[in-house]
Amino acid sequence: MQISRPTHWALGSSSACRSKDVQAQVLHATSIEIDGRGVLIRGASGSGKSSLGLQLMALGGVLIADDRTRASLDGGDVFLDAPDTIRGQIEARGVGILNSPTAGPTPAALIVDMDGPVADRLPLWEEGVLLGRALPLVRGNDAAHLPAAILFYVKYGRRA
């Protein structure tokens, strides 16, 4: 039996703006588009967000935003986008700031948490809450297969 363990992420110093139809927050996160679906990679500075983002891009993902992601709620869906000041840029530690093609606003499909405990071999189903909406959550780790596993998760889903 799958048990859901909701995870509420404290947004800390995130900036927020609210209107009647759209809620938005700028998060300390990297985000990547895979087949029209957004992956939000969150974690502390140096946790590997940009590195995982680059690996996903090498597998065919497209950069949405690096280091700061604008998450907005519109029509019941959470969309991920880049603040204009950093659009099309991603940091490669030890190399520099790289230019990259970018995806526009993309509906969020998955949260990858780089700060949480390492996932079990077959982890229980978890959810993270972003702008009041529950999304599937995966615990990041330094396993070599993580980028490929995220790619397959977003494209084809998870069975167990």
Side-chain angles (χ1 to χ4, degrees), residues 2-45 47-50 52-91 99-116 119 123-140 146-160:
Q2 296 286 328
I3 299 172
S4 176
R5 296 185 307 217
T7 304
H8 296 274
W9 182 35
L11 298 174
S13 63
S14 300
S15 57
C17 65
R18 297 177 191 269
S19 73
K20 193 165 98 176
D21 298 323
V22 178
Q23 294 179 17
Q25 294 180 324
V26 177
L27 311 171
H28 184 78
T30 294
S31 50
I32 303 294
E33 180 267 334
I34 298 169
D35 283 356
R37 305 178 79 208
V39 176
L40 180 80
I41 307 166
R42 68 185 190 195
S45 182
S47 64
K49 299 179 302 295
S50 298
L52 179 56
L54 282 165
Q55 292 172 14
L56 288 169
M57 291 163 59
L59 294 173
V62 178
L63 177 67
I64 299 171
D66 182 44
D67 193 47
R68 299 278 183 238
T69 295
R70 182 177 183 273
S72 61
L73 181 63
D74 198 0
D77 292 320
V78 176
F79 285 84
L80 307 174
D81 199 7
D84 289 337
T85 56
I86 61 168
R87 187 175 307 279
Q89 302 172 47
I90 186 165
E91 179 184 351
N99 295 317
S100 175
T102 60
T106 305
L110 179 67
I111 298 170
V112 178
D113 186 340
M114 301 298 284
D115 289 340
L124 298 174
W125 178 268
E126 287 190 81
E127 292 180 337
V129 177
L130 184 58
L131 297 177
R133 300 301 189 262
L135 293 167
L137 182 136
V138 169
R139 302 281 176 184
L146 182 63
I150 290 169
L151 180 83
F152 274 73
Y153 189 120
V154 172
K155 288 180 115 175
Y156 307 113
R158 175 184 159 179
R159 179 171 300 228

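Heads up: numbering here begins at 1 and tracks the sequence.
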- Message: Closer than 3.5 angstrom, by distance alone: can the side chain of Arg133 be matched with the main-chain N or O of Asp77 as a donor-acceptor pair?
- Response: no
- Item | Under 3.5 Å donor-acceptor, Ser47 side chain and Asp115 backbone |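 Pair absent, no side-chain N/O of Ser47 close to backbone of Asp115.
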Considering all heavy atoms of both residues, which atom of [X] and which atom of [Y] are nearest to each other, and what is their separation?
X: Leu80; Y: Ser31; result: CD1-CB, 3.9 Å
X: Val78; Y: Ala71; result: CG1-CB, 4.3 Å
X: Gln55; Y: Pro147; result: OE1-CG, 2.7 Å
X: Ile64; Y: Ala82; result: O-CB, 3.2 Å

- Mind running side chain to side chain contact (heavy atoms under 4.5 Å, CB included) on Ile32 and Met57 for me, showing each step along the way? CA-CA 7 Å; Ile32 303 294; Met57 291 163 59; 3.8 Å; yes
Indicate every side-chain donor-acceptor pair of residues 100-111 with a distance under 3.5 Å to a residue at least two apart or in another chain.
from, atom 1, to, atom 2, distance (Å)
Thr106, OG1, Gly104, O, 2.8

Report yes if some heavy atom in the side chain of [X] is under 4.5 Å from a heavy atom in the side chain of [Y]; otherwise report no.
X: Met114; Y: Arg42; answer: no
X: Leu27; Y: Leu130; answer: yes
X: Val154; Y: Asp35; answer: no
X: Asp66; Y: Gln89; answer: no
X: Ile34; Y: Leu151; answer: yes

- Identify which one of Arg68, Glu91, Lys49 satisfies the side chain to side chain contact (heavy atoms under 4.5 Å, CB included) criterion when paired with Thr30.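 That would be Lys49.
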- Identified side chain to side chain contact (heavy atoms under 4.5 Å, CB included) counterpart of Asp113 within the set Ile41, Val138, Leu137, Leu40: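 Of Ile41, Val138, Leu137, Leu40, side chain to side chain contact (heavy atoms under 4.5 Å, CB included) with Asp113 is met by Leu137 alone.
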- Message: Asp67: which residues meet the salt bridge (Lys or Arg N to Asp or Glu O under 4.0 Å) condition with it, sequence neighbours left out?
- Response: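 Here no residue qualifies.
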- Task: Could I get the full list of salt bridge (Lys or Arg N to Asp or Glu O under 4.0 Å) partners for Arg87, not counting sequence neighbours?
- Result: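 Expected list: Asp81, Asp84.
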- Can you list the steps and then say if Ile150 with Leu59 is a side chain to side chain contact (heavy atoms under 4.5 Å, CB included)? CA-CA 10 Å; Ile150 290 169; Leu59 294 173; over 6 Å; no
